[in-house]
Amino acid sequence: IFVFFVQIFRATPIPFFLFVRNYTVSDYGAGAQNWAVSQDKRGVMYFGNNKGLLEFDGNSWTLHELPTKGVVRSIYIDTDGKIFVGSYEEFGYFDLQPNGELVYNSLKNLVEDYTFHNDEFWTILRFEDKIVFQSFNSLFFYDGHSVKGGRMGKLPLNLFQIRDTCYSQLINSGLAVLKGNKLQEFVSRDKLIGNDVIAGFPYGEGAMLLFMRNNGVFLHKNDNSISKWTIECEKELERYTINRVIQRKDSCHIVGKIIN
């Protein structure tokens with residue numbers, strides 16, 4: 001795990017110094033792989049680790065295992081402080097107790113008429129009034145009391161929100177929007193040139209930027225037209241297989257790649 005510390009000096013020509021500390025497996029005492037990261041309103045960091053939910057308060061590390069002893073693939077911290085996590089055929093949330101202890105509550109037992117089969121939950125987000133859990137097979141919706149959802153007709157590769165709309169790239173198909181508890185195709189795969197949308201972000205008045213797995217970045221406009229977004233690093237992006245993209249508060253995009 002790499003933790004970055006940024007210090008800004010306003011009176012010098014150097015805008016900031018970046019300090020990097022590398023925490024090894026022996027430092028934090030858990031698995032070697034970390035899949036997700038989030039921070040609560042107290043500033044405490046949480047990491048989705050091969051052995052569970054890893055907590056770091058800036059001084060000490062604590063591992064919170066799931067009842068299944070499984071890997072934590074995704075994390076979402078809600079406004080009330082609940083820490084939602086996704087795992088292999090398991091999802092739920094940790095609740096912070098007055099004594100500082102985290103207690104896990106599984107939501108899997110609220111699912112009815114569904115047989116889990118290799119469901120790994122890679123994305124969690126709040127959409128409208130529900131917490132949504134996404135695997136490559138299914139979507140589940142938690143309203144604070146019950147869990148609805150199940151296997152999708154076309155399988156979701158991911159899930160992301162732009163403004164007040166939730167989108168999902170469908171496996172071997174187009175880009176879909178979430179309507180109620182269903183996914184409806186919004187942009188055909190032909191328009192996407194047979195590629196997958198890995199992430200999307202708002203751009204201008206109603207438009208959005210779509211980061212493709214292997215073909216750079218496209219601009220989608222209100223009339224449902226799509227065109228290549230020309231930028232200086234276009235050729236460089238096309239050489240890579242994009243796996244994850246995030247947008248900072250200053251609208252800078254940070255791109256994570258795999259393979260090459």
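Scope of the values below: all heavy atoms of this structure, side chains included, with no hydrogens, waters or symmetry mates.
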Trainee: Using the ring of each side chain (for Trp, its six-membered ring), is Phe116 parallel, tilted or perpendicular to Phe121, with breaks at 30° and 60°?
Mentor: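 Ring orientation, 0 to 90° scale: perpendicular.
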Trainee: Given 3.5 Å as the limit, does a donor-acceptor pair link the side chain of Ser168 with the main chain of Asn158, or not?
Mentor: yes
Trainee: Taking the side chain as every heavy atom from C-beta outward, state whether Cys166 and Leu159 have any atom pair closer than 4.5 Å.
Mentor: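 In short, these two side chains touch, coming nearer than 4.5 Å.
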Trainee: Are more than 12 heavy atoms from other residues, nucleotides or ligands located less than 6.0 Å from atom CG of Asp113?
Mentor: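 No.
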Trainee: Side chains of Ser173 and Glu185: do they bring a donor and an acceptor to under 3.5 Å?
Mentor: yes
Trainee: Without swapping roles, check the side chain of Arg213 against the backbone of Ile242 for a donor-acceptor pair under 3.5 Å.
Mentor: no
Trainee: Do other residues, nucleotides or ligands put more than 12 heavy atoms under 6.0 Å from Lys221 NZ?
Mentor: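 Atom NZ in Lys221 is not packed in, count stays at 12 or less.
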Trainee: Give the ring-plane orientation class for Tyr203 versus Trp229, where under 30° counts as parallel, over 60° as perpendicular and anything between as tilted.
Mentor: perpendicular
Trainee: Would you please say whether a donor-acceptor pair under 3.5 Å links the side chains of Asn109 and Ser106?
Mentor: no
Trainee: Taking Asn49 for its side chain and Asn34 for its backbone only, find out whether a donor-acceptor pair lies under 3.5 Å.
Mentor: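 Checked: no pair found.
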Trainee: Test your reading of the model: is there a side-chain donor-acceptor pair from Asp40 to the backbone of Arg42, 3.5 Å cut-off?
Mentor: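 Such a contact is found between Asp40 side chain and Arg42 backbone.
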Trainee: Short question: side chain of Ser38, backbone of Tyr76 - any donor-acceptor pair under 3.5 Å?
Mentor: no
Trainee: Could you check if a side-chain atom of Tyr93 sits within less than 4.5 angstrom of a side-chain atom of Val85, using non-hydrogen atoms only?
Mentor: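 Side-chain contact under 4.5 Å: no.
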Trainee: With a 6.0 Å cut-off (strictly less than), is the heavy-atom count around CZ of Arg244, excluding the residue itself, greater than 12?
Mentor: no
Trainee: Does the gap between the ring centers of Phe47 and Trp35 come in under 6.0 Å?
Mentor: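 Centroid separation for Phe47 and Trp35: 6.0 Å or greater.
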Trainee: Taking all atoms of both residues into account, what is the closest heavy-atom pair of Phe218 and Ile193, and its distance?
Mentor: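 Minimum heavy-atom contact is CZ-CD1, 3.6 Å.
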Trainee: Donor-acceptor check, side chain of Gln169 to backbone of Gly174, threshold 3.5 angstrom: yes or no?
Mentor: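 Confirmed, Gln169 side chain pairs with Gly174 backbone.
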Trainee: Before we go on, tell me: are the rings of Tyr104 and His64 under 6.0 Å apart, centre to centre?
Mentor: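 Centroid distance Tyr104-His64: not below 6.0 Å, so no.
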Trainee: Measure from the ring center of Tyr167 to the ring center of His220 and say whether it is less than 6.0 Å.
Mentor: no
Trainee: Going by atom types only, do Asn195 and Asn215 share a side-chain donor-acceptor pair under 3.5 Å?
Mentor: no
Trainee: Just to verify, what does Tyr142 make a ring pair (Phe, Tyr, Trp, His ring centres under 6.0 Å) with, not counting sequence neighbours?
Mentor: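 Here no residue qualifies.
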Trainee: With no hydrogens and no angle check, is any side-chain donor or acceptor of Lys108 less than 3.5 Å from a backbone partner on Glu89?
Mentor: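 Present.
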Trainee: Heavy-atom distance under 4.5 Å between the side chains of Leu192 and Val197, does that happen here?
Mentor: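 Yes. Closest side-chain heavy atoms under 4.5 Å.
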Trainee: Just by modelled atom types, is the Pro156 backbone N or O under 3.5 Å from a matching donor or acceptor in the Gln134 side chain?
Mentor: yes
Trainee: Could you tell me if the side chain of Lys148 sits less than 4.5 Å from the side chain of Asp143, heavy atoms only?
Mentor: no
Trainee: Between Glu234 and Arg239 (salt bridge meaning N to carboxylate O under 4.0 Å), is one present in this structure?
Mentor: no
Trainee: Would a line drawn from the ring center of Phe133 to the ring center of Phe140 be shorter than 6.0 Å?
Mentor: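 No: the rings miss the under 6.0 Å criterion.
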Trainee: Any non-hydrogen side-chain atom of Val187 less than 4.5 Å from a side-chain atom of Ile226?
Mentor: yes
Trainee: Taking the side chain from Ser135 and the backbone from Ser138, do they hold a donor-acceptor pair closer than 3.5 Å?
Mentor: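 Such a contact is found between Ser135 side chain and Ser138 backbone.
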Trainee: Can you tell me if Asp223 and Ser225 form a side-chain donor-acceptor pair at under 3.5 Å?
Mentor: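 Distance-only check passes for Asp223 and Ser225.
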Trainee: For Phe141, does the six-membered ring have the charged nitrogen or CZ of Lys130 within the cation-pi criterion, i.e. under 6.0 angstrom from the centroid and within 45° of the normal?
Mentor: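 So Lys130 doesn't make the cation-pi contact.
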Trainee: If we ignore angles and hydrogens, is there a donor and acceptor under 3.5 Å between the side chains of Asp119 and Tyr114?
Mentor: yes
Trainee: Do the side chain of Glu65 and the main chain of Lys69 share a donor and acceptor less than 3.5 angstrom apart?
Mentor: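 Side chain of Glu65 to backbone of Lys69, a donor-acceptor pair under 3.5 Å: no, none is there.
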Trainee: Checking side-chain polar atoms at under 3.5 Å, does Asn118 have a donor or acceptor matched by the opposite partner on Tyr88?
Mentor: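 There is such a pair (donor and acceptor under 3.5 Å, judged by atom type) between the side chains of Asn118 and Tyr88.
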